[in-house]
Colleague: 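Before I ask anything, let me first share the structure, which is written out below as structure tokens.
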Amino acid sequence: MATLQQTLDGVGLFESILKTTPIFKNKEALRHSYTPSDLPHRGEQTNRLATILAAALRGETPSNILIYGKTGTGKTLVTKFVAKELEKTGEKIGVPATTIYMNCEVVDTHYRVLAQLANTLYGQEVVPFTGWPTDQVFQAFFDIADKKKQVIVVIFDEIDKIVKKSSDEVLYNLTRINTDLKNARVSIVGISNDLRFTDFLDPRVLSSLGQEEIVFPPYEADQLKDILTQRAILAFTDGVLDETVIPLCAAFAAREHGDARRALDLLRVAAELAELGGADKVTEAHVRSAKEKIEQDRVIEVVRTLPSQSKLVLYSIILLEERGNGGVITGDVYNMYRELSRRAPMDILTQRRVSDLISELDMLGIINAAVISKGRYGRTKEITLGVPITRIKELLEKELSFSNSNLF
DNA sequence: AATCCACAGGAAGATTAGGATA
DNA sequence: TATCCTAATCTTCCTGTGGATT
């Protein structure tokens, strides 16, 4: 230890960092994936879910369940928690209950769902990523499932994704599978962010899937405060948080549909900023900068994943805004856009389409586009940028020149 | 009051990409 | 593997319109 200390003193780089008390004790406790042993303000939902699934332990088939709630309301956490408890208890009392968790953002096709189910039950890669006919995969899953008497609880997280991306056919098959199974029983838990996603569902699937429904309401500000306090005790060294920090994080997150993830992110990023700046306490100012940073990162990410035509439209708007002779309107943007795509060269879209792209950028919150009338001089959209441009401009120049170098 | 700009934004058809199906 | 389907993207053509100007 002494030699290490000497080395550091010699280099001097880490000196100041080591002198201050570290802010984090255990950063893991702030991650989304961290499962605390106690879930504040979700007792009611936990109990409902456990009560329904308890049927599995009595050897009956639990009702299928649909769980609704916006992002960061604890749906996934509660479900995973209950699922784990169910397996644990099942093992203890000798009633086999298997739970399979699946995130439909990743596992998003009919084939992949069945392959994942089969492979989890076999405990190894029996079904390859691709290649088999879908009904053969279904048969493989069916066979392994029915080998022994057991209840299989399949959890579809973000179930709305799979319905939108492919179809509800898998769900239909799974809801009917119990009539053919001799030993095993399958029940389904669907988790959805989208409250209206049942509109897209086949009514036959819906009636079977929605036997029970559990709603997770957004957290109130003081509930968020409790959650943050619970995590903060684990995550931080005592006394590094100003007392205004947690209430402020909670208030910001409550304003955005009571998202606990957002609240935790704010707290974590604020503390990281404090650490980076060499501060020994996290203050209100850090929370405010954290809010800005998170927002910027979000925008950067959105811009990065934009289709290239939209990027070019956005770049045109930025150039015009910088030039700064008054309000930017659709016609100007289109002329600039056409000039740029001609030079690129890229396909040139019609003004009608570009107008829609501008509206989409508006929806994403990157720009503000308001329809105004300039009287004799027509009706148009007046466009202003909704976010600071420097980082976006750099990003766009990098990405657009990657595909061609004639633009700049 | 009438005109008319510069688009907005709806409808419908064409084109295209990627997944489903045989 | 080929081709069939579907949903998303894009075009063409269109009607509608707030208000400064005449």
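Per chain, numbering begins at 1; letters A, B, ... match sequence-line order.
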Colleague: Has A/Lys374 got its NZ or CZ under 6.0 Å from the middle of the six-membered ring of A/Tyr377, at an angle within 45 degrees of the ring axis?
Modeller: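 Checked: cation-pi criterion not met.
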Colleague: Could you tell me whether the phosphate oxygens of B/dG9, OP1 or OP2, come under 4.0 Å of any side-chain nitrogen or oxygen in A/Lys381?
Modeller: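 For B/dG9, OP1 or OP2 has a side-chain N or O of A/Lys381 closer than 4.0 Å.
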Colleague: Does A/Arg379 put a side-chain nitrogen or oxygen below 4.0 Å from OP1 or OP2 of B/dC7?
Modeller: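 No, no such contact exists.
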Colleague: I'd like to check A/Lys225 versus A/Tyr219 (side-chain heavy atoms, cut-off strictly below 4.5 Å). Are they in contact?
Modeller: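 No, every pair of side-chain atoms sits at 4.5 Å or beyond.
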Colleague: Please give, in whole Å, the distance from C/dC13 P to A/Arg352 CZ?
Modeller: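 Checked: the CZ to P distance equals 14 Å.
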Colleague: Base, sugar-phosphate alone, or nothing: which one does A/Ile329 contact when heavy atoms must sit under 4.0 Å apart?
Modeller: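 Answer is sugar-phosphate: A/Ile329 comes under 4.0 Å of backbone atoms only.
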Colleague: Counting only side-chain N and O atoms of A/Ser355, is one of them less than 4.0 Å from OP1 or OP2 of B/dG9?
Modeller: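 False: A/Ser355 side-chain N/O out of range (4.0 Å or more) of B/dG9 OP1/OP2.
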Colleague: To the side chain of A/Thr330, which of B/dG9, B/dA8, C/dC10 is closest?
Modeller: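 Minimum distance to the A/Thr330 side chain belongs to B/dA8.
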Colleague: Any luck finding a side-chain donor-acceptor pair between A/His286 and A/Ser289 under 3.5 Å?
Modeller: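 Their side chains do not contain a donor-acceptor pair, so the 3.5 Å distance test is not met.
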Colleague: Could you please name the option among B/dG10, B/dA8, C/dC10 that lies closest to any side-chain atom of A/Leu349?
Modeller: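 Nearest listed nucleotide: C/dC10.
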Colleague: Would you say A/Thr380 reaches B/dA6's phosphate, i.e. side-chain N/O to OP1/OP2 under 4.0 Å?
Modeller: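 Result: no.
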Colleague: Ignoring hydrogens, what is the shortest heavy-atom contact between A/Thr330 and A/Ile358? Give both atom names and the distance.
Modeller: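 Taking every non-hydrogen atom into account, CG2-CD1, 4.2 Å.
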Colleague: NA contact type, A/Ile358, heavy-atom cut-off 4.0 Å: base, sugar-phosphate, or nothing?
Modeller: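 No contact.
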Colleague: Heavy atoms from C-beta onward define the side chain here; which of C/dT12, B/dA8, C/dA20 lies closest to that of A/Tyr377?
Modeller: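 The nucleotide sitting nearest to the side chain is C/dA20.
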Colleague: Where the side chain of A/Arg376 is defined as all heavy atoms beyond and including C-beta, which of B/dA8, C/dA20, C/dT12 is the nearest nucleotide?
Modeller: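 Out of B/dA8, C/dA20, C/dT12, the nucleotide with an atom closest to A/Arg376's side chain is C/dA20.
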